[in-house]
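To keep things clear, I will list the structure first and then write my remarks on it.
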Amino acid sequence: MLFLCIKCPEAFAKGLLKPGMNVMVEKSKKFVNNVEGLKQCLADFRKDLPWVERLDLTNLPTEDVLSNVEAKPTNGEVNADDDFQREMYFYRQAQATVLEALPLLHKNDIATKRPDDYFAEMAKSDQHMQKIRKKLMAKQAILERSEKAKKLREQRKFGKKVQIEVIQKRQKEKKNMMSAVKKYQKGMTDKLEFLEGDQKAGKDSTQGSKKAPNKKGPNAKRKFKDQKFGFGGKKSGKKWNTKESYDDVSGFRAKVAHGKVGKGGKKGKGGKGGKQNKRPGKSVRKKMKARS
């Protein structure tokens, strides 16, 4: 087996490297437990340097003022897949760090404002930040479109319900108008309020709630029939006896019950003093017809 040394390509090109010249030698790995060295490294880590030398801060993000104003519940969890929420978390954490670091820098007489002629390039270019901004705005626009489509679907459902109610209301108004026209044609009423249309409907909508509870008595149809045919009262069960009428015999007259009346009163059939039936009987009328 030929092993080539990458450090001596010239020797290989001249042919100085030949098979058998390089032999693999197995060498056991030496394990070293350098306790002193490890302790020294640990001591280096534990150096208690002042904060000016370290400039390290560990902060939680500031309070989310936007969520408090909009009354949105926050449980402190951040969705790592949501770019906008993740970037906002970093932004609020940077705010908290600045609020804590500025007083410490001023305390140690470290300038926090750069000179007017100072120029430093940003870690991310403006083009890169514009791309991020466009991406975040595109995602926000997609969410807004989704919410808008959801609201439109709900409005369509509600619109269909309202449309059905409007159609039913128009059919009812048409039926009432046709009924009023028929009443007017039959002479049942002399009012032409049904010709006013929407004006009357507008007045009724404002005054209907006040007049409706006070409306009592029969309707116009019932009044017209009572005026034309009269009102005789209740017919069924009128002649039924009650316990009081059964026990009351003060109005009972035996002579009237048996067809006999006193002086000046009516008599039975053929009796004197009563109304006489002047028409001859049927057999007499037949004989009179035969004679003629």
Side-chain angles (χ1 to χ4, degrees), residues 29 31-169:
K29 187 175 181 181
F31 297 97
V32 178
N33 185 15
N34 191 357
V35 179
E36 295 298 329
L38 292 173
K39 288 182 177 180
Q40 182 64 33
C41 291
L42 184 60
D44 293 339
F45 291 153
R46 287 179 176 174
K47 282 184 178 178
D48 189 13
L49 298 174
W51 180 80
V52 181
E53 299 294 335
R54 293 181 285 110
L55 295 178
D56 59 337
L57 286 172
T58 304
N59 302 84
L60 291 173
T62 56
E63 188 179 0
D64 194 354
V65 182
L66 256 181
S67 299
N68 294 339
V69 171
E70 297 177 0
K72 291 182 180 178
T74 55
N75 52 5
E77 296 180 359
V78 180
N79 185 7
D81 297 328
D82 190 345
D83 294 342
F84 185 78
Q85 190 177 2
R86 189 177 65 250
E87 291 293 332
M88 282 300 298
Y89 186 86
F90 293 155
Y91 174 73
R92 290 190 290 112
Q93 192 173 20
Q95 280 183 325
T97 305
V98 169
L99 291 174
E100 186 176 348
L102 278 176
L104 291 173
L105 292 171
H106 292 158
K107 185 178 179 181
N108 291 278
D109 297 329
I110 298 175
T112 57
K113 292 183 180 180
R114 64 185 182 184
D116 296 335
D117 58 348
Y118 179 83
F119 177 78
E121 189 176 356
M122 301 294 291
K124 293 182 180 179
S125 63
D126 293 341
Q127 291 80 6
H128 182 74
M129 295 306 296
Q130 286 294 332
K131 285 181 182 178
I132 293 174
R133 184 172 180 272
K134 287 179 181 178
K135 189 175 181 181
L136 292 174
M137 289 181 68
K139 283 190 176 183
Q140 191 173 2
I142 291 170
L143 288 173
E144 288 177 358
R145 283 199 296 269
S146 176
E147 290 293 330
K148 189 176 181 181
K150 187 178 179 181
K151 288 180 180 179
L152 283 174
R153 284 194 295 269
E154 292 177 356
Q155 286 176 0
R156 285 196 191 104
K157 289 180 182 178
F158 182 72
K160 286 182 181 178
K161 184 179 178 182
V162 171
Q163 188 178 8
I164 291 171
E165 291 177 357
V166 169
I167 292 171
Q168 290 177 350
K169 184 180 178 181

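This one's a predicted model, so the numbers in the text were calculated from it and none came from an experiment.
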* Please walk me through it: do Leu42 and Leu38 pass side chain to side chain contact (heavy atoms under 4.5 Å, CB included)? -> CA-CA 6 Å; Leu42 184 60; Leu38 292 173; over 6 Å; no
* Would you check, one step at a time, whether the test side chain to side chain contact (heavy atoms under 4.5 Å, CB included) holds for Thr58 with Asp56? => CA-CA 7 Å; Thr58 304; Asp56 59 337; over 6 Å; no
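- Within 6.0 Å of the CG atom in Leu60, the count of heavy atoms belonging to other residues, nucleotides or ligands does not exceed 12.
- At a threshold of 4.5 Å between non-hydrogen side-chain atoms, the residues Gln85 and Tyr89 do not count as touching.
- Taken from CD in Gln40 to CZ in Phe45, the straight-line distance is 11.0 Å, to the nearest 0.5 Å.
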Show me, pair by pair, the donor-acceptor contacts under 3.5 angstrom made by side chains of residues 93-107, not counting sequence neighbours?
from, atom 1, to, atom 2, distance (Å)
Gln93, NE2, Asn59, O, 3.0
Gln95, OE1, Thr62, OG1, 3.3
Gln95, NE2, Tyr91, OH, 3.4
Thr97, OG1, Asn59, OD1, 3.3
Thr97, OG1, Gln93, O, 2.9
Glu100, OE1, Asn59, ND2, 2.3
His106, ND1, Leu102, O, 3.4
His106, NE2, Thr112, OG1, 3.2

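- Nearest approach of Arg86 to Ala80, heavy atoms of both residues: NH1-O, 2.6 Å.
- Note on residues 149-168: no pairs pass salt bridge (Lys or Arg N to Asp or Glu O under 4.0 Å), not counting sequence neighbours.
- Taking every heavy atom of both residues into account, Arg54 and Leu49 meet most closely at NE-O, 3.0 Å.
- Across all non-hydrogen atoms, the minimal contact from Asn108 to Trp51 is ND2-CE3, 4.2 Å.
- Residues Leu136 and Ile132 are in side-chain contact: their nearest non-hydrogen atoms beyond the backbone lie under 4.5 Å apart.
- Sorted by first and then second residue, the salt bridge (Lys or Arg N to Asp or Glu O under 4.0 Å) pairs with a member in residues 122-149 read Asp83-Lys139; sequence neighbours excluded.
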